[in-house]
Amino acid sequence: LQATTKASIVNLITIGSGANGTVLMGLHFFGNFGGLTMANVGDITVKRCFFDGSLGITFPNGGTGVSDITIAENYIGGSINEENFANVITNVTIRNNFINGGISLVEADDQITNLVVIHNTFNYNGNSGLKNAEVAFNSFYQGNVIGTNNTLHDNISATDLPAGTNNDEVNMGNVYDLSLIHISEPTRPY
């Protein structure tokens, strides 16, 4: 990548058993069905990637689930979610991302522990569903949080967030104007 300025364009990557320790950095997940799925894996880092489609990042039904996952410094045009099956999700940190499609990690049958959602900007005009999560230092340009057993603190939002500590409702026009963000079509290498 140092010798060329072309984007590292991929469509869909699936990470599974045997891929522990994988780091995905600087990829452009292109197209409406472009994105990343992870199951039966741990110790994964997804950093500085660009997800321009609706898929985003998915934890599909997977026997042993996922653990020790870091999703950091990405632009996620879609969402971060799990499929509608019982999943085991442990030690997942979602930090410093711009998320257009929200998060859905809230299914009743899921076993979720140590989910940290911190320092993100949400531009999803709906509710992000979280369970057993610490939600802190985020900016909710649009949307809100629903779910159970969450700890919310030090967030700012355009609407009133669920009960927490130091969460402020602010006029987002005074914070920043997301309508000025322009995402351009990448140059395809083919």
Under 3.5 Å, is there a donor-acceptor pair between the side chain of N96 and the main chain of A72? no
Pairs touching residues 25-48 that satisfy salt bridge (charged side-chain N to carboxylate O under 4.0 Å, His left out), sequence neighbours left out: R48-E73
For the aromatic rings, using the six-membered ring if either is Trp, is the centroid distance between F51 and H28 under 6.0 Å? no
Between S157 and N155, does any side-chain donor sit less than 3.5 Å from a side-chain acceptor? no
Could you tell me the separation between the OG1 atom of T121 and the CD1 atom of I156, rounded to the nearest 0.5 Å? 8.0 Å
Going through the checks in order, is the side chain to side chain contact (heavy atoms under 4.5 Å, CB included) test met by I13 and L27? CA-CA 11 Å; I13 292 178; L27 297 176; 3.9 Å; yes
I'd like to check the side chain to side chain donor-acceptor pair (under 3.5 Å) partners of N32; sequence neighbours left out, ordered by chain and number. S54
Tell me every residue that passes side chain to side chain donor-acceptor pair (under 3.5 Å) with D110, counting only those two or more places apart in sequence or in another chain. none
Using modelled atom types and a 3.5 Å cut-off, is there a donor and acceptor pairing between side-chain atoms of N120 and backbone atoms of N97? yes
From CD (Q142) to CG (N127), nearest 0.5 Å: 12.0 Å
With sequence neighbours left out, what residues match S104 under side chain to side chain donor-acceptor pair (under 3.5 Å)? none
List for me each residue that meets side chain to side chain donor-acceptor pair (under 3.5 Å) alongside N100, sequence neighbours excluded, and say none if there are none. Y75, N123
Inter- and intrachain pairs under side chain to side chain donor-acceptor pair (under 3.5 Å), touching residues 11-23, at least two apart: T14-T37
